[in-house]
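Inspection log for the structure reproduced underneath, given as C-alpha cells.
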Number of protein chains: 2
Amino acid sequence: MPKLGMEPIRRAALVKATIAEVGDAGSLDVSVSKIAKRAGMSSALAHHYFGGKDQIFLAAMRHTLTVYGAEVRGALVMADGPRGRVEAIIRAGFSNTNFRTDVIAAWLNFYVMARTSDDAHRLLRIYQRRLHSNLVHGLRPLMGDRAGAVAARIAALIDGIYLRQALSRDAVSGSDASAQVLAALDKEIGQ
Amino acid sequence: MPKLGMEPIRRAALVKATIAEVGDAGSLDVSVSKIAKRAGMSSALAHHYFGGKDQIFLAAMRHTLTVYGAEVRGALVMADGPRGRVEAIIRAGFSNTNFRTDVIAAWLNFYVMARTSDDAHRLLRIYQRRLHSNLVHGLRPLMGDRAGAVAARIAALIDGIYLRQALSRDAVSGSDASAQVLAALDKEIGQ
DNA sequence: GGTTTTTGATTGACTCGTCAATCAATAAAA
DNA sequence: TTTTATTGATTGACGAGTCAATCAAAAACC
C-alpha cells in the first residue's frame, strides 16, 4: 500500500478537512478523529504528519490566508491605475469565496485564536500589514500624505463590514459591501 | 445555612466568574467546574441554577451587553445636540471598560457563538439595532435622508476599529480610535 | 413556645462520553 | 533491511450532567 510521497497529499487533505469541519461546527471545538475521518485516514496518521492539534489548525489558517492573498494579488494585476488598485483590493475582500460559511468560520475563529496564540497572531499581522501597504500604495497618488491614515480607516471599514455581513444571516451581497466601502473612499478622496 | 434568596447572588457570581474565566482562557473552552470554583461553589450548584453550560454563557453575554448598553445610555444623557449624541455613542464604544481583556474575549467569542446559536444571534441583533438607531437619531438632523446609510457605515467602522484594537497587542488608545471614527464622520458631514 | 413539616441550598460521588496522544504492529516499497 | 505509510488498540485525562443525600432556615401547626 504505501505509495511513497503521500505526505503532501495527506497534509493537504487534512487542511481541507479541517476547514470544512471547523466550518460545520462553527468553532475550533472539533476532534482530530473527525477531521481525520473526513480526510479519509486514521487519527493516528494525522498526528503522525502534523504532530498535534494546534499545528493542524495553524496549517489550515495559513492555507486560508494564502488563498486570500492569492485572490488579492490576482485582482491587483487586473487593476488599472491607483483608484483601480484600491477598488480591486476592496472587491477582493468581499468576493464570494470569502463569504463561504467555512471561510467565515475560519476567520472568526482565527480572530479568537490570535488573542492567545503567538503563531496565529503573527499570521494575522502579516495579513493586516499586507492589506495596509496595498491600500497605501494605491492611495498615495490620490492623496499623498493622507494615504496612511485613510488606508487605516478603509482597512478597518473593510473588516467591520465583513464582520457585519458574516454575522448577518440574510443572504450576503459582496457588491453591496464593496459599494459601501467605495462610498466612504469617495468621501475621503473628494475632500 | 440556607439563607433564602441565594439564587440571584449565585447567578451573579457565576456570571462574573464566567466572564473572568473566558477572559483568562481567551475562548469558550472553559469547564463548568472551573467557573463554579472561581465563583465559590460546586459545579452541581451551577447546573442547578442555570441548567447547562450554554445557558451560563448566554447569561454572561447578556450581562456584558447590558453593561455596554448602560454605558451608552449614560453617555447619551450627557450629550449636547445631535453631533454631541453621535460623538457620545462613538466614545462609549471605545471606553476603557470595553478594552479590558475579559470584555474583548467576551465579544470575540460572542461573535463566534452568534453564528451557530440562535439565542446569541438574537442578542447580537439587539445590540446592532440599538447602535444603528442611536446613530440615526443623532445623524438625521445633520444630514436628513442620508442618515441611514451613513449610520451603517459608522457602525461598521466602529466594529472594525474595535476589532483591530482588540487584536493588536500594543496598548490600545480609546481616544485614538474615537478620533479615527470622528474623522470619518466629519468627512460624511462636510460633504 | 415548642414541635413538625416543608423547602431551598448545597455537595460528593458517580456515569457516560469524548478526546488527544502514544505505541506496537503490519505492509510495502526502495 | 531500512525507510515510509498506515492503523487498531490503548491509555490517561477531563468534562458535562445527574442524583441521592444532607443541612438548616422558615413556615405551619398545636
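Values reported hereafter were calculated over all heavy atoms of this structure, with side chains retained and with hydrogens, waters and symmetry mates removed. Below, chains carry the letters A, B, ... as their sequence lines are ordered, and counting in each starts from 1.
Ranking C:dA20, D:dA5, C:dT11 by closeness to the A:Glu7 side chain, first place goes to D:dA5. The side chain of A:Lys53 approaches C:dA21 more closely than any other nucleotide in the set D:dA16, C:dT11, C:dA21. Comparing D:dA16, C:dC19, C:dC23 by their closest approach to the side chain of A:Ala44 singles out C:dC23. When each of C:dT11, D:dT6, D:dA16 is scored by its nearest atom to the side-chain atoms of B:Ser42, the top-ranked nucleotide is C:dT11. Checking C:dT10, D:dT7, C:dA20 against the side-chain heavy atoms of B:Arg10 singles out C:dT10 as nearest. Of the candidate nucleotides C:dA20, D:dT6, D:dG17, D:dT6 has the atom lying nearest to any side-chain atom of A:His48.
Distance CG (A:Leu14) to P (D:dT7): 11 Å, rounded to an integer number of Å. Nucleotide D:dA5 holds its P atom 11 Å from the CZ atom of A:Arg11, rounded to whole Å. Taking atom CD1 on B:Ile35 and atom P on D:dG17, their separation rounds to 11 Å, with Å as the unit. The distance from atom CD1 of B:Ile56 to atom C1' of D:dG15 is 13 Å, rounded to the nearest whole Å. Between A:His47 atom NE2 and D:dT4 atom P the separation is 21 Å, expressed in whole Å. Between the OH atom of B:Tyr49 and the P atom of D:dT18 there is a distance of 17 Å, given to the nearest Å.
In this structure, B:Lys187 contributes its side chain and A:Ile189 its backbone to no donor-acceptor pair below 3.5 Å. Remark: side-chain polar atoms of B:Ser117 are not paired, donor with acceptor, to backbone N or O of B:Met113 under 3.5 angstrom.
The existence of a salt bridge linking A:Arg62 and A:Asp119 is excluded, since no basic side-chain nitrogen approaches an acidic carboxylate oxygen closer than 4.0 Å.
Across A:Ala36 and A:Leu14, no two heavy atoms sit closer than the pair CA-CD2, 4.1 Å.
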